[in-house]
Amino acid sequence: LIIVTFWISLILCQFLSLSYWILDKMNLPRERSLWMAFSASRWVDLFLILSGSRLTVMGRENIPEDHSYCIVSNHQGYFDIPVILRTIPWSVGFISKKELEHVPFLASLMRASSVVFLDRKDRRKAMDAMMVASERIKAGQPMAIFPEGTRSRGPKVNQFKGGALKLATLAKTKILPVTINGTYQMIEDTTRWGINPAKIAVQYHPVVDTAKLSESEISALPERLRHIIAAPIEGVHA
C-alpha cells in the first residue's frame, strides 16, 4: 500500500503541475486558482484515504473572504503544505527554502503552486523573495509561511523567527494563524517505517491585522503568534 500511495501521488503531482502550467500560459489566473484548489483537495483526500489518515478542521469561519492575507503556521512535517492546500478553498502560495527547488517531481509541483523559494544564506536574496511574496499578497493571492524555519517532527512548536514575518509586515496585511497537529505521524515518526495513518487536526484562528499594530506590537508579533498557534497543542500535550 505504501508503494501504491507513493506512485499514485507521484503521477498526480506531475499531472497537476502540467495542468497548472497550461492554464498559466493561457493567462487564465482565476480558472487556474479554482482548478488548483479543487484538484489539490481531491489529491489530498485520496492520499488521506490510502494512508488511512483522518483530517479534522476547526475555525473555518476565521478564513477571510478576501484573498489578501498571510497564513502563518507551525511546521510538523512534509504533509503540512498539502493540509493547507486542502483546507483553504482557493489557490495558496508558499515560502519555501531554496534547497527544495531541485527536488525531483516535488519542485515542479511547488513551482506550479506559486512557491517563492527563499535563500536563507543570502540576506539580500531573502529580502527580494519576501518582496515578491508580499506583492503577490497585495495582488490577491494568500501566501503561507512556516516561521519555525524547519520541521519540528513532533508536537513541539519551536520559536518563531521574526524575519519570517516580514512577509506580512511588508504587505501590511492580515495574518491568519493556523495550528496543525498530527502530520508528523505520517512520515516523520521514526518509530514507524513508511507512510503511516495519522489523526490530523487543523485549527484556523482569528486574523491579526498587521496594519493596525504599533512598532512595539510588531516586535512582539513572533511570540504572540507562537502563543496563539501552540496553545491547542500544548493543551493536549501538557
Side-chain angles (χ1 to χ4, degrees), residues 56-77 79-81 83-90 92-97 115-116 118 120 123 126-127 129-138 140-184 200-238:
T56 302
V57 185
M58 297 164 283
R60 288 184 186 271
E61 68 277 6
N62 293 318
I63 300 175
E65 292 186 4
D66 67 272
H67 299 181
S68 298
Y69 57 89
C70 176
I71 300 167
V72 173
S73 173
N74 63 310
H75 195 16
Q76 291 190 351
F79 206 65
D80 293 336
I81 289 177
V83 162
I84 291 175
L85 290 174
R86 173 64 183 86
T87 53
I88 295 288
W90 40 76
V92 177
F94 290 85
I95 303 291
S96 177
K97 58 185 179 182
V115 167
V116 174
L118 182 69
R120 296 179 294 183
R123 293 188 64 180
M127 182 55 67
M130 286 294 184
M131 292 297 296
V132 170
S134 68
E135 290 301 318
R136 290 187 182 180
I137 291 176
K138 293 176 184 178
Q141 179 177 36
M143 297 291 294
I145 193 165
F146 303 104
E148 289 174 275
T150 189
R151 293 166 293 141
S152 64
R153 297 180 174 87
K156 180 183 178 182
V157 180
N158 296 313
Q159 292 300 118
F160 283 9
K161 298 178 180 179
L165 300 177
K166 287 188 178 294
L167 171 59
T169 55
L170 282 171
K172 292 183 168 37
T173 190
K174 297 184 290 293
I175 290 176
L176 177 63
V178 188
T179 302
I180 299 177
N181 194 23
T183 51
Y184 70 93
I200 302 169
V202 179
Q203 182 171 347
Y204 287 98
H205 303 276
V207 298
V208 175
D209 192 346
T210 63
K212 297 179 180 180
L213 300 181
S214 64
E215 288 188 16
S216 61
E217 288 173 323
I218 289 176
S219 297
L221 192 56
E223 185 54 35
R224 176 185 175 184
L225 290 172
R226 185 197 172 279
H227 176 75
I228 292 171
I229 292 169
I233 299 175
E234 292 177 345
V236 173
H237 295 275

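All values below come from the heavy atoms of this structure, side chains included, with hydrogens, waters and symmetry mates left out.
In this structure, the separation between CD1 on I233 and CD on Q203 is 9.5 Å, given to the nearest 0.5 Å. Within the model, atoms CD1 of I145 and CD1 of I71 stand 11.5 Å from one another, a figure rounded to the nearest 0.5 Å. Distance check, rounded to the nearest 0.5 Å: CG of L118 to NZ of K97 gives 11.0 Å. Here the CD1 atom belonging to I84 is positioned 6.5 Å from the OG1 atom belonging to T87, to the nearest 0.5 angstrom. Summarising the geometry, atom OG belonging to S73 is positioned 3.5 Å from atom CD1 belonging to I180; distances are rounded to the nearest 0.5 Å. In this structure, the separation between NZ on K161 and OG1 on T150 is 7.5 Å, given to the nearest 0.5 Å.
Within a 6.0 Å radius of NZ in K138, other residues, nucleotides and ligands contribute more than 12 heavy atoms. Around the CZ atom of R224, the shell of radius 6.0 Å holds no more than 12 heavy atoms that belong to other residues, nucleotides or ligands. Residue-environment remark: CD (E61) exceeds the threshold of 12 foreign heavy atoms within 6.0 Å.
For D80 and T183, the side-chain atoms include at least one donor-acceptor pair closer than 3.5 Å. Of the N and O atoms on the side chains of E148 and N74, not one donor lies less than 3.5 Å from an acceptor on the other residue.
Of the possible polar contacts, none joining the S134 side chain to the L167 backbone as a donor-acceptor pair under 3.5 Å is found. Under the 3.5 Å distance criterion, the side-chain polar atoms of T173 are left unmatched by any main-chain donor or acceptor of A168.
Listed here is the closest heavy atom pair of M127 and L170: SD-CD1, 4.0 Å. Across all their heavy atoms, Y204 and G59 have their closest contact at CB-O, 3.3 Å. The shortest non-hydrogen separation linking M58 to A201 is CE-CB, 4.3 Å. When all heavy atoms of R226 and V157 are compared, the closest pair comes out as NH2-O, 2.7 Å. Closest approach of V208 and L225 over heavy atoms only: CG2-CD2, 4.3 Å. For the residue pair I95 and A133, the shortest heavy atom distance occurs at CD1-CB, 3.4 Å.
Between H205 and P232 there is a side-chain heavy-atom pair separated by less than 4.5 Å. Taking the side chain as every heavy atom from C-beta outward, R136 and V116 approach each other to under 4.5 Å.
Residues forming a ring pair (Phe, Tyr, Trp, His ring centres under 6.0 Å) with H75 (at least two apart in sequence, or on another chain): F146.
Residue V72 forms a side chain to side chain contact (heavy atoms under 4.5 Å, CB included) with just one option from V178, L165, L176, and that option is L165.
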| request: Using the side-chain contact (heavy atoms from CB on, under 4.5 Å) rule, take M143 and C70 through it: C-alpha gap first, then chi angles, then the decisive distance, then the call. | output: CA-CA 5 Å; M143 297 291 294; C70 176; 5.5 Å; no

| request: Would you please test I63 and Y69 for side-chain contact (heavy atoms from CB on, under 4.5 Å) and show each step? | output: CA-CA 10 Å; I63 300 175; Y69 57 89; 3.6 Å; yes

